[in-house]
Amino acid sequence: MKIIGGPASQSLAQHVSRILKAQIINVEHKLFPDSESYFRIMGDIRDEDVTIIQTTSPPQDVRLIQLLLLVDGVKDLGARSITAVVPYLAYSRQDKRFMSGEVVSVISILKIIRAIGVDKLITVNVHSPKSLSDIMEIDDLSAISLLAEHMKEMGLVNAFSLAPDIGAIDIVRESASVLGGGFDWLEKVRDRVTGKITIKERAFDVKGKDAIVFDDMISTGGTTSSAVGILKKQGARRVYAACVHPLMVGNAKDRIKNSGAEEIIGTDTVPGPYAVVSVASIIAEALKQGGDQRY
Ligand code: R5P
């Protein structure tokens, strides 16, 4: 297997290749004056099984196009198979028709990825993996145990895990199995037109205890900051905000910090200041299990 790191996931790709002792194929990437991407694959990939690692966090449209150009280029140069590792899959929240006439964006994206020649897709904690495997072969990995192990090392053993909505229930079940300390969830309703969220408060046994709000992603920080605020109001000692995909749009950091969180901890599915935990080990393991062992 040969690995190619897209412009958005260069360091993650290096990390995965070190773990697997797999060869990285260098890619020359330049931007034309009008910002279009130019790529040149700098190694021989004919008849090889090639893994392309490229996340699609913001700027998601740019990164998606870069992924598609790389896939098509690699295919055109004669690769035998192509696995795309897309740690954060853009558009994954629009995974159904919530209101009539809506485009189910994530399905459109998957159809494009499949049509361009990706044989297998690997994602990490995709928002709702269920309907996606009807479109193409997809292996959705979970980074929650990695995050929870990290928090354990920070001394948060027996911390309480809270899901800000029922959609994150599997996430907190998994984190609680590592941390102990129990788990629960809140009820969140999002106004489909304005995007405004309302969270219904419930009482938790957190007085004087440490707690962590776990979610798949933090975008504007509205969901996480509301959940952190509820835990603080109920007397939790220290509250942390953890997520797999720290998109951290706009003033998300200030909202979450102002609600009383000690720290915001995310993974390198979204490169940047909140990428505290690396998902390289689970990606390497999935590639080892699923693919060609000739590196
Ligand atoms: C939604 O269901 C997701 O799991 C997250 O809770 C949501 O995307 C977070 O968005 P925001 O940070 O804007 O509240």
Side-chain angles (χ1 to χ4, degrees), residues 55-60 86-99 102-107 109 123-132 140-144 147-148 161-176 183-202 211-232 239-267 269-270 272-277 279:
T55 203
T56 55
S57 54
Q60 49 278 76
V86 185
Y88 172 74
L89 182 66
Y91 294 94
S92 60
R93 279 175 294 176
Q94 187 68 32
D95 56 4
K96 57 179 149 187
R97 192 161 284 126
F98 299 95
M99 296 194 291
E102 284 183 345
V103 174
V104 187
S105 314
V106 72
I107 299 295
I109 297 294
T123 54
V124 181
N125 292 96
V126 78
H127 187 61
S128 172
K130 281 185 205 89
S131 53
L132 307 186
D140 185 46
L141 315 176
S142 175
I144 299 304
L147 278 166
S161 301
L162 182 65
D165 61 40
I166 189 74
I169 187 72
D170 289 339
I171 288 179
V172 285
R173 192 174 285 118
E174 190 178 338
S175 71
F183 67 93
D184 215 323
W185 65 94
L186 286 161
E187 258 174 69
K188 178 177 91 175
V189 183
R190 189 182 287 275
D191 184 308
R192 286 284 151 205
V193 178
T194 63
K196 192 174 176 300
I197 57 157
T198 316
I199 293 195
K200 220 198 245 172
E201 184 165 349
R202 290 175 46 214
I212 305 165
V213 175
F214 270 98
D215 208 351
D216 58 342
M217 69 182 83
I218 298 175
S219 177
T220 64
T223 305
T224 293
S225 60
S226 302
V228 169
I230 288 171
L231 289 169
K232 285 306 280 183
V239 181
Y240 289 78
C243 72
V244 179
H245 311 297
L247 301 176
M248 303 299 290
V249 176
N251 64 348
K253 175 188 164 195
D254 292 338
R255 288 177 89 173
I256 294 171
K257 287 277 182 176
N258 293 342
S259 68
E262 306 283 328
E263 259 181 69
I264 302 159
I265 293 175
T267 80
T269 64
V270 181
Y274 306 96
V276 179
V277 172
V279 295

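Both ligands and their constituent atoms are indexed starting at 1 by order of listing.
Here the protein heavy atom with the shortest distance to atom 13 (O) of ligand 1 is Thr220 OG1, 2.5 Å. For atom 6 (O) of ligand 1, the closest non-hydrogen atom of the protein is Asp215 OD2, 2.5 Å. Counting only heavy atoms of the protein, atom 8 (O) of ligand 1 lies nearest to Arg93 NH1, 2.9 Å. Scanning the protein heavy atoms around atom 3 (C) of ligand 1, the nearest turns out to be Asp216 OD1, 3.4 Å.
Ion pairing between a basic and an acidic side chain is recognised when a charged N comes within 4.0 Å of a carboxylate O; Lys257 and Asp254 show no such pairing.
Applying the 4.0 Å criterion to heavy atoms of Arg190 picks out, from ligand 1, the atoms 7 (C), 10 (O), 14 (O). Near Met217, meaning under 4.0 Å from any of its heavy atoms, are these atoms of ligand 1: 5 (C), 8 (O), 9 (C). Set against the non-hydrogen atoms of Ile218, the atoms of ligand 1 under 4.0 Å away are 12 (O). Interface of Asp165 with ligand 1, defined as ligand atoms under 4.0 Å from a residue heavy atom, comprises 2 (O), 6 (O).
Ligand 1 has an N or O atom lying under 3.5 Å from an N or O atom of Thr223, backbone or side chain. Backbone and side-chain nitrogen or oxygen atoms of Ile197 are examined, and none is located within less than 3.5 angstrom of a nitrogen or oxygen of ligand 1.
More than 12 heavy atoms of other residues, nucleotides or ligands lie within 6.0 Å of NZ in Lys232, so this atom counts as buried by the packing criterion.
Residue His127 touches ligand 1 through its side chain alone, judged by heavy-atom distances below 4.0 Å.
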